[in-house]
Amino acid sequence: METLSFDASALKKFVHENELAEMQAMVTAADRQLRDGTGAGADFRDWLHLPTEYDKAEFARIKQAAKKIQADSEVLVVIGIGGSYLGARMAIDFLHDSFYQAQAPADRKQPLVLFAGNSLSSSYLADLLRLIGDRDFSVNVISKSGTTTEPSIAFRVFRQRLEAKYGEAGANARIYATTDRQRGALKTEADAAGWETFVIPDGVGGRFSVLTAVGLLPIAVSGADIDQLMAGAAKAAATYTDPDLTTNAAYRYAAYRNILYRKGYTTELLENYEPNMTMLAEWWKQLAGESEGKDQKGIYPSSANFTTDLHSLGQYIQEGRRNLMETVVKLTEPNHNLPVPSAKSDLDGLKYLEGKEIDWVNTQAYRAVVAAHTAGGVPVMTVNIAKEDEFTLGYLIYYFEVAMAISGYLNGINPFNQPGVEAYKTNMFGLLGKPGYEAIGQQLKKEIND
Ligand code: PA5
């Protein structure tokens, strides 16, 4: 089977046959904006060629650092937020045993990779410190700016613990900073302390950075094969170059999303039938939401995990407000395929399924859901992937990245900026009393009667 295939056959009720071809001119124009750099945000397109034009020397250093961490640490704490953590988090879940984090060290063989600095929960930090306990650990702090509040606070906490355990010099040998090549607070601090540093390239925005050191170091530490990840992405990069909608499955996905959006389907649910793809949806939500949600328009990206959420969100999807579209990432070959066991009695009424593969049952559930939701007025698209391995994931990452870029241009926005994420920060700094933000703080306090 192909690494990935896109299935829009369930859209017949929602999209006329002529509509896709009628999008071709717009898609071709969007492709030119992307490839020639004539579209908005052109300085942030370096992810396009990353799968082949990455820094090979740094890639080798990432592997070396991963080996060192595997040898001297039971835990790697990855500190970052948004684009500085979601890619690694989703990849590690996707590529490993469902209970990878709970496995005994002898079974897991590689360090536990845990994440911090992606919230301001004090309890989470305290719980993570307790979990690490006396175990040997290292820290990979990831921040382009080096001044993002959440990771900066978490980094102070774990740096303090490292220094208490290993002394200042010992701690410095266990801190890996992934940040700007030249500028920024973290780069300055890393150079002063002698931490090994890796680069977040200038031309790659956070949500497109999983195939840089941002994602690659934690993923390599987890024991996954980052060569295969890049090889899969390179295959996708070579596959999705021709804008012809009859052959380009990534552009076809972008075009159908746009057709549906214009018809009022303003929320897209990314769905899966494998629990270890829950974080894939979180990564995709940032990619889609930060790329497209601007100028008071854009598809709202949401997600659902099936069959779990059929028992919670299923009612809404079937019969609620008709502004939903669904994109399913469906796995064809699961890592394991257990049969439904035989039992002495048939009180649960499952005799008819005895001996059938559980994955076959899962697939029938998927088919039943597509039919039911289609009948209920929800357009469903499916991205079929062959396997949960590194090559497939690299391919899938690139597929979604290029689709979102085209989708953004089709909707007339800059897919590569994120001006809106600053608004809450200004208010928060005001309320926290950060120097320079006092007036905003006073105004806000008055407004909320604090
Ligand atoms: O995509 C983005 O730009 C954001 O999600 C950032 O990655 C996130 O805000 C973290 O920023 P920084 O890497 O500067 O700490």
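Note that ligands are numbered from 1 as they come in the structure, with each ligand's atoms numbered from 1 the same way. Computed from heavy atoms alone, side chains included, the values below leave out hydrogens, waters and symmetry copies.
- The pair R61-E196 meets the salt-bridge criterion, with a side-chain N (NZ, NE, NH1 or NH2) lying under 4.0 Å from an Asp/Glu carboxylate O.
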Between the protein and ligand 1, which nitrogen or oxygen pairs come in under 3.5 Å, and how far apart is each?
residue, atom, partner, partner atom, Å
ligand 1, 1 (O), R207, N, 3.4
ligand 1, 1 (O), Q286, NE2, 3.0
ligand 1, 1 (O), E290, OE1, 2.8
ligand 1, 5 (O), G83, N, 3.0
ligand 1, 5 (O), Q286, NE2, 2.7
ligand 1, 7 (O), G83, N, 3.2
ligand 1, 13 (O), S84, OG, 2.9
ligand 1, 13 (O), K144, N, 2.8
ligand 1, 14 (O), K144, N, 3.4
ligand 1, 14 (O), S145, N, 3.0
ligand 1, 14 (O), S145, OG, 2.9
ligand 1, 14 (O), T148, OG1, 3.4
ligand 1, 15 (O), S143, OG, 2.6
ligand 1, 15 (O), T148, OG1, 2.5

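- Ion pairing of E292 with R257 is present here, as a side-chain N (NZ or NE/NH1/NH2) and a carboxylate O approach within less than 4.0 Å.
- T178 pairs by the side chain to side chain contact (heavy atoms under 4.5 Å, CB included) definition with N140, I142, F198, I200, A213, V214, not counting sequence neighbours.
- Using a 4.0 Å cut-off between charged side-chain N and carboxylate O, E19 and R262 make no salt bridge.
- Geometric assessment of R45 against the ring of F416 yields a negative cation-pi assignment under the 6.0 Å and 45° thresholds.
- With respect to the salt-bridge test (charged N to carboxylate O, under 4.0 angstrom), the residues D7 and R252 do not qualify.
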